[in-house]
Participant: 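Handing you a structure now.
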Amino acid sequence: MNVVTDDMPFIALIDDDGHSAHLLTRMLTANGSPQVIHADSAEAGEAFLLECLSDIEREWPGLVIVDLKAHSGANLEFVTRHQTLLRQKGIPLAVMMQTTDRADRQAMQDAGAAAVFFRQAELEAYRREAAAIVSFWARNQRLDAVGM
């Protein structure tokens, strides 16, 4: 996991696949995202979020993205466990998952995900998805986070 410095805005990425995390980070930053801080497991992500959000002097993430592949329900479990805390802090929680039907996407949103994005096999489609994530992050920024 990287260390946040200088109280700069950042996106927290909780992804248990290092290659996937590296690719998404590259795509996000290429589309203008702030720094991406990666946690490599649900447990590491949970520990990072609890530590980070318990310190009111520290910069909090502007977005948390969860992309867990440990088992089919890993994303849903994480969203269910942490959405209340993140919502209280005003931090949107997004999920990155395999393309699925409307019912699975709705289950994520019902559990508390603010947005659901899909992994894409085709490079241009993946770039568009990353651009959509950055756009979502930008639209959901707290005014105090951008100096207003």
Side-chain angles (χ1 to χ4, degrees), residues 1-100 104-120 126-148:
M1 180 178 330
N2 299 331
V3 177
V4 180
T5 59
D6 300 327
D7 291 333
M8 297 296 294
F10 69 96
I11 292 175
L13 172 60
I14 302 166
D15 189 336
D16 55 3
D17 179 307
H19 177 72
S20 168
H22 177 72
L23 181 58
L24 183 57
T25 297
R26 280 186 34 221
M27 290 291 182
L28 291 172
T29 56
N31 280 284
S33 82
Q35 178 182 15
V36 177
I37 305 300
H38 172 232
D40 62 4
S41 69
E43 296 78 19
E46 180 176 328
F48 173 72
L49 288 173
L50 292 175
E51 174 191 333
C52 180
L53 298 178
S54 67
D55 185 353
I56 61 171
E57 299 296 319
R58 184 175 182 172
E59 182 69 27
W60 293 346
L63 173 65
V64 173
I65 303 170
V66 179
D67 186 4
L68 298 170
K69 300 161 199 79
H71 58 83
S72 62
N75 281 336
L76 185 59
E77 288 176 10
F78 191 92
V79 170
T80 301
R81 278 196 318 268
H82 301 293
Q83 61 87 20
T84 301
L85 174 63
L86 293 170
R87 184 174 287 140
Q88 288 172 347
K89 303 293 187 180
I91 301 167
L93 174 60
V95 174
M96 188 80 156
M97 60 189 289
Q98 283 297 103
T99 304
T100 186
D104 288 341
R105 185 178 67 240
Q106 189 63 50
M108 286 292 179
Q109 291 173 323
D110 290 347
V116 177
F117 298 95
F118 299 111
R119 296 182 205 119
Q120 303 290 331
Y126 195 75
R127 284 185 178 127
R128 286 190 300 273
E129 203 72 2
I133 293 170
V134 173
S135 178
F136 177 79
W137 163 78
R139 288 190 317 269
N140 285 283
Q141 289 306 288
R142 299 178 316 270
L143 292 178
D144 63 330
V146 292
M148 300 186 92

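Only heavy atoms go into these numbers, but all of them, side chains included; no hydrogens, no water, no symmetry mates. Here the structure is a predicted model, which is why all the values come from computation and not from measurement.
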Participant: Mind checking the CD-CG spacing from E129 to N31? Nearest 0.5 Å is all I need.
Facilitator: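 If we round to the nearest 0.5 Å, E129:CD and N31:CG are 11.0 Å apart.
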Participant: Less than 4.5 Å apart, side chain to side chain, heavy atoms only: is that true for Q98 and Q120?
Facilitator: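 Counting from C-beta outward, Q98 and Q120 never come under 4.5 Å.
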Participant: Looking at every non-hydrogen atom in both residues, tell me the closest pair between V134 and G32 and how far apart they are.
Facilitator: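 Closest approach of V134 to G32: CG1-C, 4.1 Å.
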Participant: Which pairs pass salt bridge (Lys or Arg N to Asp or Glu O under 4.0 Å) with one or both residues in residues 41-52, sequence neighbours excluded?
Facilitator: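 Listed by first then second residue: E46-R81, E51-R58.
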Participant: If I take atom CZ from residue F136 and atom OG from residue S33, how far apart are they, to the nearest 0.5 angstrom?
Facilitator: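 Here the rounded value is 14.0 Å.
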Participant: Starting from the C-alpha separation in whole Å, work towards a yes-or-no answer on side-chain contact (heavy atoms from CB on, under 4.5 Å) for I14 and F78.
Facilitator: CA-CA 10 Å; I14 302 166; F78 191 92; 3.3 Å; yes
Participant: At their closest point, which heavy atom of A21 faces which heavy atom of H38, and how far apart are they?
Facilitator: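 Closest heavy-atom pair between A21 and H38: CB-NE2, 3.3 Å.
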Participant: In a check of side chain to side chain contact (heavy atoms under 4.5 Å, CB included) between V79 and each of L93, V116, V64, which one passes?
Facilitator: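 Option passing the side chain to side chain contact (heavy atoms under 4.5 Å, CB included) with V79: L93.
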Participant: Is the shortest heavy-atom distance from the side chain of I37 to the side chain of I11 under 4.5 Å?
Facilitator: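 No, their side chains stay 4.5 Å or more apart.
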Participant: Check D104 against T100 and note the closest heavy-atom contact, atom names and distance.
Facilitator: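 Scanning both residues completely, I find the closest heavy atoms to be OD2-OG1, 2.5 Å.
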Participant: Is L28 close to I65 at the side-chain level, that is, under 4.5 Å between some pair of heavy atoms?
Facilitator: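 Counting from C-beta outward, I65 and L28 do come under 4.5 Å.
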Participant: Could you check if a side-chain atom of T29 sits within less than 4.5 angstrom of a side-chain atom of P34, using non-hydrogen atoms only?
Facilitator: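 A side-chain contact under 4.5 Å is absent here.
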Participant: Any heavy-atom pair between the side chains of N140 and L63 that's under 4.5 Å?
Facilitator: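 No; the side chains remain at least 4.5 Å from each other.
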Participant: To check you understand the geometry: which heavy-atom pair defines the closest contact between F48 and A12, and what is its length?
Facilitator: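 In terms of heavy atoms, the two residues are closest at CE2-CB, 4.3 Å.
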Participant: At their closest point, which heavy atom of S20 faces which heavy atom of Y126, and how far apart are they?
Facilitator: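 Looks like O-OH, 4.1 Å.
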Participant: How far does NE2 of H22 sit from CE of M27, to the nearest 0.5 angstrom?
Facilitator: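 Separation between the atoms: 10.0 Å.
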Participant: State, yes or no, whether a side-chain contact exists between L53 and L85 at a heavy-atom distance under 4.5 Å.
Facilitator: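 L53 reaches L85 side chain to side chain.
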Participant: Is a donor on one side and an acceptor on the other found under 3.5 Å between the side chain of W137 and the backbone of A132?
Facilitator: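 No.
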Participant: G62 and I91: which non-hydrogen atoms are nearest, and at how many Å?
Facilitator: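 Answer, listing the atom of G62 first, then I91: C-CG2, 4.4 Å.
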Participant: When you measure from the side chain of Q35 to the backbone of F10, do you find a donor-acceptor pair of N or O atoms at a distance under 3.5 Å?
Facilitator: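 The answer is no, because no donor-acceptor pair under 3.5 Å joins these two groups.
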Participant: Could you check whether any side-chain heavy atom of E77 comes within less than 4.5 Å of a side-chain heavy atom of H71, counting everything from C-beta outward?
Facilitator: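 SC-SC contact between E77 and H71 confirmed.
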Participant: Using the side-chain contact (heavy atoms from CB on, under 4.5 Å) rule, take F118 and M96 through it: C-alpha gap first, then chi angles, then the decisive distance, then the call.
Facilitator: CA-CA 5 Å; F118 299 111; M96 188 80 156; over 6 Å; no
Participant: Would you say the side chain of T99 lies within less than 4.5 Å of the side chain of R119, judging by non-hydrogen atoms?
Facilitator: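 Of all side-chain heavy-atom pairs linking T99 with R119, none is under 4.5 Å.
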Participant: So, applying side chain to side chain contact (heavy atoms under 4.5 Å, CB included) with D67, which one of D15, D16, D17 is it?
Facilitator: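 It is D15; the other options fail the test.
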